Amino acid sequence: MKISGNTILITGGGSGIGRALAEGLHAKGNKIVIAGRREAVLDAVTAANPGMESMLLDIQDEADIAAFARQAVARFPNLNAVINNAGIMKPENVPAADNLAIAEETIATNLLGPIRLTTALLPHLLKQPHATVLTVSSGLAFVPLAATPTYSATKAAIHSWSIGLREQLKNTSVEVIEIAPPYVQTELLGPHQAVDPAAMPLADFTNEVMTILETQPEAAEIIVERCKPLRFAEATGSFAQVFAGLNAQHG
Ligand SMILES: NC(=O)c1ccc[n+]([C@@H]2O[C@H](COP(=O)([O-])OP(=O)(O)OC[C@H]3O[C@@H](n4cnc5c(N)ncnc54)[C@H](OP(=O)(O)O)[C@@H]3O)[C@@H](O)[C@H]2O)c1
């Protein structure tokens with residue numbers, strides 16, 4: 001992916017990793033459009049970053065995604081990249097049967113959302129000379145957190161879907177890049193996560209991602225150093241040990 005001169009739509013760009021990437025890529029000379037459900041949150045980010053634009057989107061809503069994609073392409077005809085970043089992460093207690101509503105909204109948001117939005121934007125992206133679909137998976141795609149089984153499953157699915165999509169698009173102008181964050185200081189699990197010393201500081205994560213994007217423009221996966229033990233656990237034969245350690249800490 002070239003680091004500047006793109007028009008990039010970032011779902012969930014009002015907070016956390018999405019906002020940090022939006023601001024980092026804005027500073028590099030890209031046109032940035034952030035999307036999410038909370039208008040006030042989006043407005044605060046665009047006010048702080050002149051030139052950045054926002055659009056309302058509920059990625060759980062199939063009809064909303066279709067209308068949103070049509071409007072985004074009409075409003076930003078140079079749109080050539082989408083970062084499928086919006087996501088939710090909620091603990092589930094399966095034996096207590098409190099899980100089904102959470103499982104369904106997690107799959108709708110984290111898995112169906114990116115699939116629906118990418119599919120809706122793809123006809124437009126395929127007409128661009130250079131285009132990029134970015135997905136945001138997680139280290140938990142590779143070693144699941146037992147407390148959030150559906151979340152971990154959606155991230156494993158996004159990893160797999162990204163590989164399949166990349167193969168389907170290999171002879172086109174559209175590249176597919178997966179970003180797999182480790183545990184990062186955002187409010188994904190609540191305010192405590194943003195100050196959890198065990199989580200990677202958000203600025204450190206974003207800087208490392210930006211450096212990889214800039215120095216390795218052909219990279220298909222963006223894996224920061226902190227995520228490598230999870231990403232390569234199976235390959236290095238350390239899955240059982242990493243799984244036990246992860247779930248002892250966070251279980
Ligand atoms: N932080 C971590 O430790 C970590 C690790 C691995 C992967 N990730 C992934 O990184 C991505 C960003 O998460 P984050 O950590 O930055 O947490 P965050 O600050 O909570 O960001 C999530 C964003 O998704 C948006 N969103 C949620 N549901 C949505 C919906 N139905 N429609 C539209 N937007 C929606 C939220 O905006 P609204 O509420 O305004 O809609 C919010 O801006 C997620 O995919 C997450 O799974 C995070």
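On a predicted model such as this, the values are computed, not experimentally measured, just so you know. Start at 1 and go down the list; that is how both ligands and their atoms are numbered. Only this structure's heavy atoms are used, side chains among them; waters, hydrogens and symmetry mates stay out.
Nearest protein neighbour of atom 18 (P) of ligand 1, counting heavy atoms only, is Ser15 OG, 3.6 Å. The single protein non-hydrogen atom nearest to atom 38 (P) of ligand 1 is Arg38 NE, 3.4 Å, given as residue, atom name and distance. Looking only at heavy atoms of the protein, atom 13 (O) of ligand 1 is closest to Leu188 CD1, 3.9 Å. Of all protein heavy atoms, the one lying nearest to atom 46 (C) of ligand 1 is Tyr151 OH, 3.6 Å. Atom 1 (N) of ligand 1 has as its closest protein heavy atom Thr186 OG1, 3.0 Å. Protein heavy atom in closest approach to atom 3 (O) of ligand 1: Val184 N, 2.8 Å. For atom 35 (C) of ligand 1, the nearest protein heavy atom (residue, atom name, distance) is Ala86 CB, 3.6 Å. For atom 7 (C) of ligand 1, the closest non-hydrogen atom of the protein is Ser137 O, 3.2 Å.
Contact between Gln193 and ligand 1 is present, with at least one heavy atom of the residue lying under 4.0 Å from the ligand. In this structure, Gln185 has no heavy atom closer than 4.0 Å to ligand 1. Residue contact annotation: Leu57 has a non-hydrogen atom under 4.0 Å from ligand 1. By the 4.0 Å heavy-atom criterion, Gln60 is counted among the residues contacting ligand 1.
Under a hydrophobic clustering in which Ile, Leu, Val, Met, Phe, Trp and Tyr are joined whenever their side-chain heavy atoms come within less than 4.5 Å, directly or via other members, Ile107 and Leu140 fall into different clusters. Under the 4.5 Å side-chain heavy-atom criterion for grouping Ile, Leu, Val, Met, Phe, Trp and Tyr, Ile115 is not connected to Ile163 through any hydrophobic cluster. No chain of hydrophobic side-chain contacts below 4.5 Å, direct or via other Ile, Leu, Val, Met, Phe, Trp or Tyr residues, connects Ile88 to Leu111. Linking Ile, Leu, Val, Met, Phe, Trp and Tyr residues whenever their side-chain heavy atoms come within less than 4.5 Å places Ile34 and Val184 in a single cluster.
Leu134 places a side-chain heavy atom less than 4.5 Å from the side chain of Met1. The shortest side-chain heavy-atom distance between Thr206 and Ile17 does not fall under the 4.5 Å cut-off. Within the 4.5 Å cutoff, the side chain of Ile59 has no heavy atoms near those of the Phe68 side chain.
Within a 6.0 Å sphere centred on CD of Glu39, other residues, nucleotides and ligands contribute 12 heavy atoms or fewer. Residue Glu105 places its CD atom among more than 12 non-hydrogen atoms of other residues, nucleotides or ligands, all under 6.0 Å distant.
With a heavy-atom cut-off of 4.0 Å, Arg19 does not touch ligand 1 at all.
The backbone N or O of Asp43 lies less than 3.5 Å from no partner atom in the side chain of Ser54, so there is not a single donor-acceptor pair. Listed for the His26 side chain is a donor-acceptor partner under 3.5 Å among the backbone atoms of Pro50.
Ranked by closest heavy atom to atom 12 (C) of ligand 1, the top entry among Asn85, Leu21, Ile59 is Asn85. Comparing Gly12, Ala194, Gly16, Ala20 against atom 23 (C) of ligand 1, the shortest heavy-atom distance belongs to Gly12. Around atom 28 (N) of ligand 1, the closest heavy atom drawn from Lys155, Arg37, Glu39 belongs to Arg37. With Cys227, Pro182, Ser138 as candidates, the residue nearest to atom 5 (C) of ligand 1 on a non-hydrogen basis is Pro182.
Distances below 4.0 Å separate heavy atoms of Asp58 from the following atoms of ligand 1: 30 (C), 31 (N), 32 (N). Close contacts of ligand 1 with Tyr183, meaning ligand atoms under 4.0 Å from a residue heavy atom, involve 3 (O).
Between Asn6 and the options Thr132, Asn80, Asn78, a side-chain hydrogen bond (donor to acceptor under 3.5 Å, both in side chains) holds for only Asn80.
In terms of polar-atom proximity, defined here as any N/O pair under 3.5 Å, Pro181 makes no such contact with ligand 1.
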